[in-house]
Every structure is written in C-alpha cells, then in structure tokens.
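Worksheet: the structure to be examined is printed underneath.
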Amino acid sequence: MNSGTGGGGGGGAGAAEPSRSGSPGEDGFAPSALGTREHWDAVYERELQTFQEYGDTGEIWFGEESMDRLIRWMQNRKIPLDASVLDIGTGNGVFLVELAKFGFSNITGIDYSPSAIQLSGSIIEKEGLSNIKLKVEDFLNLSTKLSGFHICIDKGTFDAISLNPDNAIEKRKQYVKSLSGALNVKGFFLITSCNWTKEELLDEFSEGFELFEELPTPTFSFGGRSGNSVTALVFQKT
Ligand SMILES: C[S@@+](CC[C@H](N)C(=O)[O-])C[C@H]1O[C@@H](n2cnc3c(N)ncnc32)[C@H](O)[C@@H]1O
C-alpha cells in the first residue's frame with residue numbers, strides 16, 4: 001500500500017480517504033462508501049448544486065498538478081492532438097476541459113454517476129467547449145461501442161472501485177477486462193492512485209499490459225522513512 005493514503009483530493013476529497021484499517025477484506029482494504037455509486041451520486045449532486053449557485057467546479061482529485069503531469073507526459077511523448085482519449089470516471093470533467101484547452105480534439109468522459117455527467121456537461125458548456133463526448137457508463141459493464149481508444153486515463157477511479165463493499169477483487173478483474181476492450185493494442189493507460197503502490201499496480205495490470213513509464217510524484221519523509229503518497233504509472237497494452 002502507499003504510505004500516507006488520503007493523497008486523494010486536492011482538498012475536500014481527503015474526507016473520503018481510502019483506508020486499510022477497520023475490517024479489511026481479502027486484499028487488506030476496508031470496504032468503504034467510496035466504492036459505491038450512491039456515494040458518488042450524492043457527492044456530485046451536491047457539487048452540481050454548488051456549481052449552479054456559486055460557479056465552483058468542485059474537487060480535483062490529486063490536485064491540479066496531477067492533470068499537468070499527465071498532459072506534460074502526452075506532450076513529451078508527442079501524442080497526436082487527434083488521438084482518442086477516454087477519461088474513466090471523469091467526475092466533474094475538469095480534466096476533459098484541460099485536455100480540450102490544450103488542443104486534444106477527440107475526447108470522451110464517462111462516469112456511472114448521472115449527476116457527475118450532468119456537472120461535467122454544465123462545466124464544459126460554461127467553458128464554451130463543444131467537442132467533448134460525455135456518457136453515463138459503468139466501466140465495469142462497458143458498452144462495446146466504447147472501444148478503439150489510443151489513451152485511457154484513470155485518476156482515482158480504480159481506487160474507488162477497489163473499495164467496493166461487494167466483491168472488490170472480482171470488480172478489479174472486470175476493470176482490467178473492460179480496459180482491454182476499450183484500449184487499442186499499443187495504446188496507453190495512465191493511472192494515478194493513492195491506494196496502490198507501483199508494485200501492486202504492476203501486479204493488477206500484469207495481464208495484457210506492460211509498464212511503459214513511471215511518472216514522478218511528490219515524495220514525503222516521515223520518521224526516517226520516505227515514500228510517495230501518490231503513484232502515477234503509464235502502461236502500454238501489449
Ligand atoms: C475519486 S473520483 C475521481 C474523479 C475524477 N477522475 C478526478 O480525477 O477528479 C472517482 C470517480 O469514479 C467514478 N466511478 C467509480 N466507479 C465507476 C464505474 N464503475 N464506472 C464509471 N465511473 C465510476 C465515480 O463516480 C467518481 O466520479
């Protein structure tokens with residue numbers, strides 16, 4: 001596990017900090033409301049109301065720097081601006097906005113929470129961006145139409161799924177299957193996690209994916225030990 005979990009949000013999401021304390025399941029995670037759709041529906045209904053009242057876009061998981069890190073990688077790797085990009089569990093869709101502002105023109109955001117997609121749509125509309133596709137979709141039960149992507153991005157969604165109180169191990173396996181179906185061969189999968197270490201993620205995605213690159217994340221020191229509270233990896237589909 002990553003030391004110092006709770007690197008979750010850039011702020012308020014820390015309240016939804018994942019945990020391996022309590023009554024852990026087989027994989028050592030304590031199931032949490034964070035793994036349920038009811039939780040995310042309630043979060044985004046609240047954020048939608050706040051956006052409508054005050055124009056506040058809400059939580060950016062892992063903060064602004066997590067988005068910069070991913071876009072910098074895409075830029076350094078010269079990913080073409082017309083590459084098809086899927087943001088898995090897009091939440092408020094702010095990362096889609098950043099991608100579009102950078103010039104990416106073929107981007108799709110999915111989330112299983114209708115209120116998240118409604119919030120994303122409102123934010124995208126306010127930004128005056130029109131060419132972003134949004135869909136209410138459960139990644140664990142993905143429509144076959146969502147396939148052929150060059151890039152799939154996950155910021156905090158695999159973490160959330162890992163905390164599902166109902167058979168999270170099976171759900172993680174299904175996640176890997178859905179990812180295989182969505183991504184093109186040689187396509188890239190960029191994952192940012194505060195629940196899983198590099199080694200654990202390598203294990204989770206060992207079938208059909210290989211590590212392409214590890215992205216540097218901030219380190220912390222505590223009690224003479226140092227580590228990262230966030231792991232960011234790029235996998236390539238084999
Ligand atoms: C920790 S939040 C991250 C949101 C966003 N990626 C960000 O970086 O701000 C996890 C998101 O995953 C979504 N999610 C969880 N399980 C999902 C699933 N099975 N299918 C689609 N979306 C899911 C939640 O609704 C929520 O928006």
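Just follow the structure's listing: the first ligand is 1, and inside any ligand the first atom is 1. Throughout, residue positions are numbered sequentially from 1 according to the sequence presented. All values below were derived from every heavy atom in this structure, side-chain atoms included, with hydrogens, water molecules and symmetry-related copies excluded.
- Between Arg37 and Asp138 there is no salt bridge, since none of the side-chain N atoms of the basic residue sits less than 4.0 Å from a carboxylate O of the acidic one.
- Annotation: atom 2 (S) of ligand 1 to nearest protein heavy atom, Trp40 CH2, 3.6 Å.
- For the pair Asn92 (side chain) and Thr57 (backbone), a donor-acceptor distance under 3.5 Å is present.
- Using cut-offs of 30° and 60° for the angle between ring planes, the Phe205 and Phe158 rings count as tilted.
- The closest protein non-hydrogen atom to atom 20 (N) of ligand 1 is Phe139 N, 2.9 Å.
- Residue-ligand proximity, Tyr44 to ligand 1, at heavy-atom distances under 4.0 Å covers atoms 4 (C), 26 (C), 27 (O).
- If you check which protein heavy atom lies closest to atom 12 (O) of ligand 1, you get Thr157 OG1, 3.2 Å.
- Protein heavy atom nearest atom 3 (C) of ligand 1, with residue, atom name and distance: Lys155 O, 3.2 Å.
- A heavy-atom distance below 4.5 Å is found between the side chains of Leu140 and Tyr175.
- The ligand atoms of ligand 1 that sit less than 4.0 angstrom from a heavy atom of Gly156 are 1 (C), 10 (C).
- Residue Asp138 approaches ligand 1 through these ligand atoms, each under 4.0 Å from one of its heavy atoms: 18 (C), 19 (N), 20 (N).
- Atom numbering of ligand 1 starts at 1 in the shown order; those under 4.0 Å from a heavy atom of Thr90 are 5 (C).
- Within the structure, salt bridge (Lys or Arg N to Asp or Glu O under 4.0 Å) pairs that include any residue of residues 91-104 comprise Lys101-Glu127 (at least two apart or interchain).
- Taking a cut-off of under 4.0 Å to the non-hydrogen atoms of Ile161, the atoms of ligand 1 that pass are 16 (N), 19 (N).
- In this structure the side chain of Phe149 never reaches within 4.5 angstrom of the side chain of Val85, judged on heavy atoms.
- Closest protein heavy atom to atom 14 (N) of ligand 1: Tyr112 CE2, 3.5 Å.
- Each salt bridge (Lys or Arg N to Asp or Glu O under 4.0 Å) pair with one or both residues in residues 205-214, not counting sequence neighbours, appears once here: Arg77-Glu213, Lys198-Glu214.
- Protein heavy atom in closest approach to atom 9 (O) of ligand 1: Trp61 N, 3.3 Å.
- Annotation: atom 27 (O) of ligand 1 to nearest protein heavy atom, Asp111 OD2, 2.6 Å.
- Contacts with ligand 1 closer than 4.0 Å are made by backbone heavy atoms (N, CA, C, O) of Glu137 only, the side chain lying farther away.
- Annotation: atom 5 (C) of ligand 1 to nearest protein heavy atom, Gly89 O, 3.3 Å.
- Annotation: side chain of Asp82 is not in contact with side chain of Phe104 (no heavy-atom distance under 4.5 Å).
- Ring planes of Trp61 and Trp40: perpendicular class, angle over 60° (limits at 30 and 60°).
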